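Predicted model only: the values in this text are computed from it and were never measured.
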There are 2 protein chains.
Amino acid sequence: MNQPITPPITPAPVTAAQFDRALAGWRAIVGEPHVLTSAADLAAYRDPFAFGGTDEHDTFAASAALRPASVDEIRAVLRIANQFRIPLWTVSTGRNFAYGGAAPRLSGSVVLDLQRMNRIVEVNETLAYALVEPGVSYFDLHAHLRANGIRLWVDPPASGWGSVVGNTLERGFGYTDYGDHAATQCGMEVVLANGDVVRTGMGAIDTGTAWQVYRPGYGPSFDAMFMQSNFGIVTRLGVWLMPAPPAYLLGEIQFQHETDLDAIVDTLRPLRLDDTIRNHAVIEGGLRRAAGLSARSRWYDGPGAMPESAVTAMLRELNVGRWNLHFALYGTPELIDARYALVRRAFARIPGARFLATRYAGDAQPVDGGDRNLAGIPAMSAFRMLDWRGGAGAHVDFAPVCPASGRDALRQYTMVKTRAAEYGFDYYGGFTAGTRHLHHIFAAIFDRDDAQQTEQAGALLRSLMSDARAAGYGQYRAHLAYMDFAAAQYGFNDGALLRLSETIKDALDPNGILAPGKQGIWPAAWRDRRGYT
Amino acid sequence: MNQPITPPITPAPVTAAQFDRALAGWRAIVGEPHVLTSAADLAAYRDPFAFGGTDEHDTFAASAALRPASVDEIRAVLRIANQFRIPLWTVSTGRNFAYGGAAPRLSGSVVLDLQRMNRIVEVNETLAYALVEPGVSYFDLHAHLRANGIRLWVDPPASGWGSVVGNTLERGFGYTDYGDHAATQCGMEVVLANGDVVRTGMGAIDTGTAWQVYRPGYGPSFDAMFMQSNFGIVTRLGVWLMPAPPAYLLGEIQFQHETDLDAIVDTLRPLRLDDTIRNHAVIEGGLRRAAGLSARSRWYDGPGAMPESAVTAMLRELNVGRWNLHFALYGTPELIDARYALVRRAFARIPGARFLATRYAGDAQPVDGGDRNLAGIPAMSAFRMLDWRGGAGAHVDFAPVCPASGRDALRQYTMVKTRAAEYGFDYYGGFTAGTRHLHHIFAAIFDRDDAQQTEQAGALLRSLMSDARAAGYGQYRAHLAYMDFAAAQYGFNDGALLRLSETIKDALDPNGILAPGKQGIWPAAWRDRRGYT
């Protein structure tokens, strides 16, 4: 798979001649080097972790990629796209490999790659925010803050190379007190399909200074409508940043039994609700924890999922819990101690709980084994998972939203683990704790060079989504291949929510040029493609 | 003013005969007693605090009011409204008197009054949320929690009779840690103009239980788009509730000098940013503080605004600061003490700061002088302002958003105070502290029976809005009479934000039946009314 394709694949109604004229127009706008059409160049826009059922030659394949450098160039690009009705698939940097990378939902789409728009427009240390363009990664922003001695932290997602704009728009999350990226976004600049440039919230005040300090502005607030959507192209985005704390504590609590999950969630929830723990704490499954310390082959080499006996032996030998709660407390040493005492007291009620904690000064970096993400330092630690199973490691994620109740968490865990084992996959996952919900993240890890594993990963995902649907759970996000399926789960009143999305889509983008099919939203012109990959 | 009108006033294109047919249809749906057309009944739908320039006979006048009891009745009402193209102005309970009460923006509109839909659909104590209908007030919800021994608090706005749904949709705010009502909203049911019923976020999962625990759901999130808007009729709304804390502290810090405002804001902001103070603390102007303790006539009886000398004498005698910071700390006694020590240390740097604090057990009620709102107990304390100036007290509010910087706060204060004095009004106001912004709230208080005061209140508001515009500040909300003016301040790119609103408006409501003119958004059919009152 991921073999070179022969461009141009064009979206059906566009002829090769029309496409050539469009390309010529775009070259005049963004410059020859920034219109990519060769098979070699377009390889970067394939799904890097394509799995079973999605690896055909013409699936999720871009026909070209454009790299504009400015809003004006984007507006000019849109004029041509509208003229020829050629769909554009926008990516900030396209680095989330588990959900399709930079590949478009609709084959033949032209990828609008915003990586060259990489300015950090403003950082305000006093009011603790940044305004950035789509090409700025968490690494970039972190480096900028450090280089300029600005005492603010970023909240890195699992992979620091991700775009701040892209991650936020897709509602990614991190691990500090600012872990809910959508909730810490404030203000956007958006180019609509017709080229109109909108600044949301207080950004619409021409000479104002409140764009990044008050989210809603006056009248309807649209920011959240431009997340996980294809209603516009976000060219600037404001994010709130956490003031560097005077000190912090990184804590881990290990639990010994699978069924402890129930009590862990029910103990953690009140501590999240009363702000004792304010960060996006993670309840990490033992196997995922162990994967950071060793390779799977050391413990099991047979077919199918790792047997319980092997998992148990591994956890014991590596000194890892069946569940491992990672959390952080930020603030003055005195407040940290008082809060940690509450945390200990609460979790000590779970038999066998083992407590580990390290205290740091605010400007100190975590020592070996400490998670740098929790100290606001971007890393690529999530990629360690690719080594777990060996070979050309890849993964596809299943991410149902879970109410923060022990019963729901245990139910989802059991459901996913059982189904995964059926398809020969380990339960590699955990729960990231919002306040009233958990993000349950399960990764199906496979070797891209193993055709059977690759096929089974896709089949497993389909089964898990059906299970979730039957149980009344919905995903917060989905791979390109399952965007329609995930959207269909949100089916109240015969799909009223999607109808609303599509009514707005058609009003804002009558030619259907922006990201057809994204999150299951198809413009009128392409609506017959629903469900087709 | 507020004299009885002779109904029916109909919106221009509707004939009296058509209107009669519509009324007959509505009577068949909601029942005879719930279609109000008499002058006496419609008096309740006039602007209760109408001020200068807006008190003409046919301004903001409803032609009728309907009180449906269910979503099905609303849908049937909408069919008739669409048929005759009669605009409906939705109110939950219409209790915010400072912004127009239950009166419609477009005269002749039929008020859709949802007060009969007053069910508390669900309260979940474990996950700390409620799902309510529009007719539920903060008093109602609070009483329900108390009656059932549910250990959750509401966050009351200034007037406890307000609707939870209405206040939240208009982005009202309160005083506890849950003071940002828009930010603690989670999930909506909305009836669109075409009768389609949408449940947002996780509510679209038919058998799900996560509607009130995770806000965005999958794909674009629309909740914020239905706030301060006329895109739909919200019939259910989820709100997060604060778990009753084990203890709390109510603090007041009095400051002696007008220019202390600068330092107060710059001292408070870091404490809000690092979560030492988590509630919506209020920096209350001395005059407003004094108004709770005495009447104006005791201190000054001459023309125009109270002179500085009288204000100074009043504050001294009443033992009130020029600025008075009200805040609350919730949690365990130990954490409260540690946080209060940080607060004291920070504000002690401002010369003359005087500290008052009272500690309570979580289930204790504030003693005399303590603000019950801060303990989650709704009250009507805001109405005390109506007695300040005497006569038939009324007020209209000017509410610019202010970045949380001392310089901006002092600039806005000086601007407003100076202009108010020019028109003969005292500076009756204060700042409610978000994290990175402040809501600056100024109330122009007038005696409705005094024609000159009433006239001047309107004139002052217009001047303040012009001042704000010139200075680059925008309002978060505005009275009916100034909705267009406030919207025009958000003018970036020749009004791109309003263009976006109106594109969506026309797509969702092609007949223009839902609340024409709300927040400056006019449907195509009524767009020529912009600016006209």
Side-chain angles (χ1 to χ4, degrees), chain A residues 126-128 171 182 196-199 202-210 213-214 216-222 224-225 227-229 231 243 273-274 331 334-335 338 401 403-405 436-437 472-476 486-487 489-493 496-497 499-501 503-504 507-508 519-521, chain B residues 126-128 171 182 196-199 202-210 213-214 216-222 224-225 227-229 231 243 273-274 278 331 334-335 338 401 403-405 436-437 472 474-476 486-487 489-493 496-497 499-501 503-504 507-508 519-521:
Chain A
T126 305
L127 291 165
R171 303 201 187 98
D196 216 0
V197 180
V198 177
R199 289 189 178 170
M202 307 304 291
I205 304 269
D206 274 304
T207 57
T209 57
V213 303
Y214 179 64
Y218 173 84
S221 170
F222 296 108
M225 189 190 85
M227 294 184 178
Q228 288 196 358
S229 91
F231 296 159
L273 278 168
D274 72 6
E334 188 187 6
L335 278 171
V401 172
S405 90
R436 289 167 177 80
H437 81 278
Y473 297 121
Q475 287 166 274
Y476 98 97
Q489 292 183 268
Y490 291 76
F492 173 78
N493 188 18
L497 188 59
R499 254 192 325 276
L500 171 60
S501 287
T503 301
I504 292 174
L508 296 179
Q519 255 72 34
I521 301 167
Chain B
T126 306
L127 291 165
R171 303 202 187 97
D196 215 1
V197 180
V198 177
R199 290 188 178 168
M202 307 305 290
I205 304 269
D206 274 304
T207 57
T209 57
V213 303
Y214 179 65
Y218 173 84
S221 170
F222 296 108
M225 188 190 86
M227 294 185 178
Q228 288 196 358
S229 91
F231 297 158
L273 278 168
D274 73 6
R278 292 201 283 270
E334 188 187 5
L335 278 171
V401 172
S405 90
R436 289 168 176 79
H437 81 278
Q475 287 166 274
Y476 99 97
Q489 292 183 268
Y490 292 77
F492 172 77
N493 188 18
L497 188 60
R499 256 193 322 278
L500 170 60
S501 288
T503 301
I504 292 174
L508 296 179
Q519 255 73 33
I521 301 167

Find the one option among B:Tyr214, B:Tyr490, B:Tyr218 whose heavy-atom pairs under 4.5 Å with chain A are most numerous. B:Tyr218
Note, B:Asp196 side chain near A:Leu500 side chain (heavy atom, < 4.5 Å): no
Engaged part of A:Leu127 at the chain B interface, taking heavy atoms whose separation is under 4.5 Å: both
Could you tell me whether the side chain of A:Arg171 and the main chain of B:Gly219 form a donor-acceptor pair under 3.5 Å? yes
Tell me which of these, A:Ala486, A:Ser405, A:Ala338, has more heavy-atom pairs under 4.5 Å with chain B than the rest. A:Ala486
Between B:Ala128, B:Ala204, B:Ala404, B:Ala507, which shows the greatest number of heavy-atom pairs under 4.5 Å with chain A? B:Ala204
Identify which of A:Gly520, A:Ala210, A:Ala496, A:Gly203 forms the greatest number of heavy-atom pairs closer than 4.5 Å to chain B. A:Ala496
Among A:Ser229, A:Pro216, A:Pro243, which residue forms the greatest number of heavy-atom pairs with chain B at distances under 4.5 Å? A:Pro216
Gap between atom OH of A:Tyr473 and atom OG1 of B:Thr207 - 0.5 Å precision: 9.5 Å
CZ of B:Arg436 to OG1 of A:Thr126: how many Å apart, nearest 0.5 Å? 11.5 Å
Most contacts with chain B, counted as non-hydrogen pairs under 4.5 angstrom, among A:Arg499, A:Met225, A:Glu334: A:Met225
Taking side chain as everything from C-beta outward and backbone as N, CA, C, O, which of these in B:Gln475 sits under 4.5 Å from a heavy atom of chain A? Side chain, backbone, both or neither. backbone
Of the backbone (N, CA, C, O) and the side chain (C-beta and beyond), which part of B:Ala182 lies under 4.5 Å from a heavy atom of chain A, both, or neither? neither
When the 4.5 angstrom heavy-atom criterion is applied to B:Phe222 and chain A, the contacting part is side chain
Part of A:Leu335 within contact of chain B (heavy atom distance under 4.5 Å): both
Where on B:Met202 is there a heavy atom nearer than 4.5 Å to chain A: the side chain, the backbone, both, or neither? both
Can you tell me which portion of B:Pro403 sits under 4.5 Å from chain A's heavy atoms? Options are side chain, backbone, both or neither. both
At a heavy-atom distance under 4.5 Å, which candidate from B:Val198, B:Ile205, B:Leu497 has the highest pair count against chain A? B:Ile205
